[in-house]
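One structure below.
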Amino acid sequence: MFFKFFNKQSITNKLTGTDFDYAVIVTAYQQTTLIPMVVDSILKANYTNYIIYVVADNCDVSHLNFTDNKVVVLKPEEVLASNTKSHFYAIDRFQRDHEIITIIDSDNLVHPEYFIELNKFFSAGYTSVQGVRAAKNLNTPYACLDEAGDIFYRLIDRKLLFEAGSSAALSGSGMAFTTTVYRDCLEHTLITGAGFDKILQYEILNRGYKIAFAEKAIVYDEKTSKTGQLVNQRSRWLNTWFKYFFLGLNLFGKSIVNFNLNQGLFSLMLLRPPLFILLILSATFFVLDLFFIPLFSIYWILGAIVFIVSVFSALKYFKADKRIYSSLKNVHKFMYYQVLALLKVRKANKISVATEHYYKEEIKK
């Protein structure tokens, strides 16, 4: 309550109206197989005020022939191998001054109401909005467990964090920003490797803005269905957590100085270890307490109960598929591959620049 009293959100660049002009930036690296499907899903949206900019970095674009004048295909002259470089490559070639930028991955599909749901938050004065990345595929136990983890974080790090007066964590795509805020946060920041969303969310909160959570603004995202794909992806994600851990410390210090609830709660989320590391550490300390301070083991048991209740609450709230519940019996295997990913964390960005995608699907209308 003390923090909340001093939590004064600064809203500048407030937009008016409801028919905002979007630049939809779709980035692809080396692989363009799914581009026609993501573009088709956007064109089927119940909205018309946008232009799609497909940035095909290090790609063969000979088969990307779109007849709709809302689609602009851009092929950089040199390999960029960077999300933010691809974004600003598109920004520098905007056909008009768009009010809002939304970032979509090449493996995503966009729900027909996506833009309409985002507009509700921009109309309310927010400058940054994170939507939902729901599973496009549940074709393997690993894809189901990937979605289960995402649902858990969707509840804890986005919905509840936002409702508590802080900001929703960004997730790399299915997110939108006023063009002014996006440029202000990243235009003069050099980002190498994965994790641009970590820098972006820090810069947004550092400027006093709040990231809204739009749980009905949905994009469908390909979940990791193969073990090799899982290890490589998680090693990059873990690399970014260690690499940008200091941002959480910086933001926590600022929250104390500014008496800012938004920054304070968000910094605690940034400082929390990845879930599988947290579970391993908890189990380790539980065993140690059994031998040295048996009474304390009760607290670990209570913590485990709270965690399990939270997981099932998240699955229930977001109406998880039955296959996700069935996949929970394989959670130990999923954690094993994340441990393998941890062992590769030092060379994560050398393994691959982007996740390879396999699953083909379309939005039917």
Side-chain angles (χ1 to χ4, degrees), residues 130-171 213 215 218 221 223-225 227 230-231 233-235 237-238 241-242 245 248 264-342:
Q130 175 64 58
V132 166
R133 297 206 307 177
K136 185 172 72 173
N137 61 304
L138 296 172
N139 53 326
T140 71
Y142 298 110
C144 291
L145 287 168
D146 192 7
E147 172 67 354
D150 193 74
I151 288 174
F152 175 75
Y153 285 125
R154 191 184 305 162
L155 179 69
I156 304 299
D157 291 357
R158 295 182 178 91
K159 180 178 173 59
L160 296 184
L161 200 57
F162 177 54
E163 291 180 352
S166 185
S167 291
L170 297 180
S171 59
F213 176 56
E215 64 179 89
I218 302 169
D221 177 60
K223 301 305 175 185
T224 50
S225 56
T227 56
L230 172 64
V231 171
Q233 182 195 69
R234 289 303 195 274
S235 65
W237 289 4
L238 289 167
W241 184 80
F242 287 109
F245 180 80
L265 292 179
F266 201 84
S267 66
L268 295 178
M269 183 273 295
L270 293 178
L271 294 171
R272 183 198 60 215
L275 185 56
F276 82 97
I277 294 178
L278 198 60
L279 292 175
I280 291 173
L281 289 174
S282 298
T284 301
F285 285 118
F286 169 70
V287 173
L288 290 174
D289 281 342
L290 282 177
F291 287 98
F292 297 105
I293 317 177
L295 185 62
F296 278 20
S297 61
I298 297 174
Y299 297 108
W300 293 110
I301 293 172
L302 292 175
I305 293 172
V306 170
F307 170 71
I308 292 170
V309 170
S310 299
V311 169
F312 282 96
S313 296
L315 296 178
K316 181 180 179 181
Y317 180 83
F318 288 105
K319 298 179 174 59
D321 190 283
K322 291 181 180 179
R323 287 171 289 180
I324 295 174
Y325 286 97
S326 299
S327 73
L328 295 178
K329 64 179 179 290
N330 295 305
V331 71
H332 62 288
K333 296 179 183 178
F334 196 76
M335 288 183 62
Y336 166 74
Y337 287 109
Q338 291 189 85
V339 172
L340 291 184
L342 182 62

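For clarity, every value in this text was computed on a predicted model and none was experimentally measured.
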With sequence neighbours excluded, what pairs up with [X] under the side chain to side chain contact (heavy atoms under 4.5 Å, CB included) test?
X      : result
Ile298 : Leu295, Leu302
Leu268 : Phe252
Leu270 : Gln201, Leu251, Phe266
Thr284 : Ile280, Leu288

Query raised in the report: With sequence neighbours left out, which residue pairs that include part of residues 266-279 fulfil the salt bridge (charged side-chain N to carboxylate O under 4.0 Å, His left out) condition?
Result: Asp157-Arg272
Query raised in the report: For residues 288-297, which residue pairs qualify under salt bridge (charged side-chain N to carboxylate O under 4.0 Å, His left out), counting only residues two or more places apart or in two chains?
Result: none
How close do [X] and [Y] get, counting heavy atoms only, and between which atoms?
X      : Y      : result
Ser310 : Leu155 : O-CD2, 4.1 Å
Ser225 : Thr140 : O-OG1, 3.1 Å
Gly248 : Leu271 : C-CD2, 3.7 Å
Leu161 : Ser167 : CD2-O, 3.1 Å
Ile324 : Ser327 : O-OG, 2.7 Å
Ile151 : Ala314 : CG2-O, 3.4 Å

Is the shortest heavy-atom distance from the side chain of [X] to the side chain of [Y] under 4.5 Å?
X      : Y      : answer
Pro274 : Trp241 : yes
Phe312 : Leu328 : yes
Asp221 : Lys223 : yes

Query raised in the report: Is Phe307 atom CZ crowded by more than 12 heavy atoms from other residues, nucleotides or ligands, each under 6.0 Å away?
Result: yes
Query raised in the report: Does Arg158 have any salt bridge (Lys or Arg N to Asp or Glu O under 4.0 Å) partners at least two apart in sequence or in another chain, and if so, which?
Result: none
Side-chain ([X]) to main-chain ([Y]) donor-acceptor, under 3.5 angstrom:
X      : Y      : answer
Ser326 : Lys322 : yes
Lys319 : Lys316 : no
Ser166 : Phe162 : no

Tell me every residue that passes side-chain hydrogen bond (donor to acceptor under 3.5 Å, both in side chains) with [X], counting only those two or more places apart in sequence or in another chain.
X      : value
Glu215 : Lys159, Tyr317
Ser171 : Gln130
Asp321 : Arg323

**Report entry** Aromatic contact, Phe296 with Trp300 (centres under 6.0 Å)
**Finding:** no
Query - All pairs passing side chain to side chain donor-acceptor pair (under 3.5 Å) where residues 144-156 contributes a residue, at least two apart - result: Asp146-Thr224, Asp146-Arg234, Glu147-Arg154, Asp150-Arg154
Just how far is it from atom [atom1] of [X] to atom [atom2] of [Y], taken to the nearest 0.5 Å?
X      : Y      : atom1 : atom2 : answer
Phe276 : Leu278 : CZ    : CG    : 10.5 Å
Cys144 : Asn137 : SG    : CG    : 8.5 Å
Phe291 : Phe286 : CZ    : CZ    : 10.5 Å

Can you give the donor-acceptor pairs under 3.5 Å from side chains of residues 334-342 to other protein atoms, not counting sequence neighbours?
none

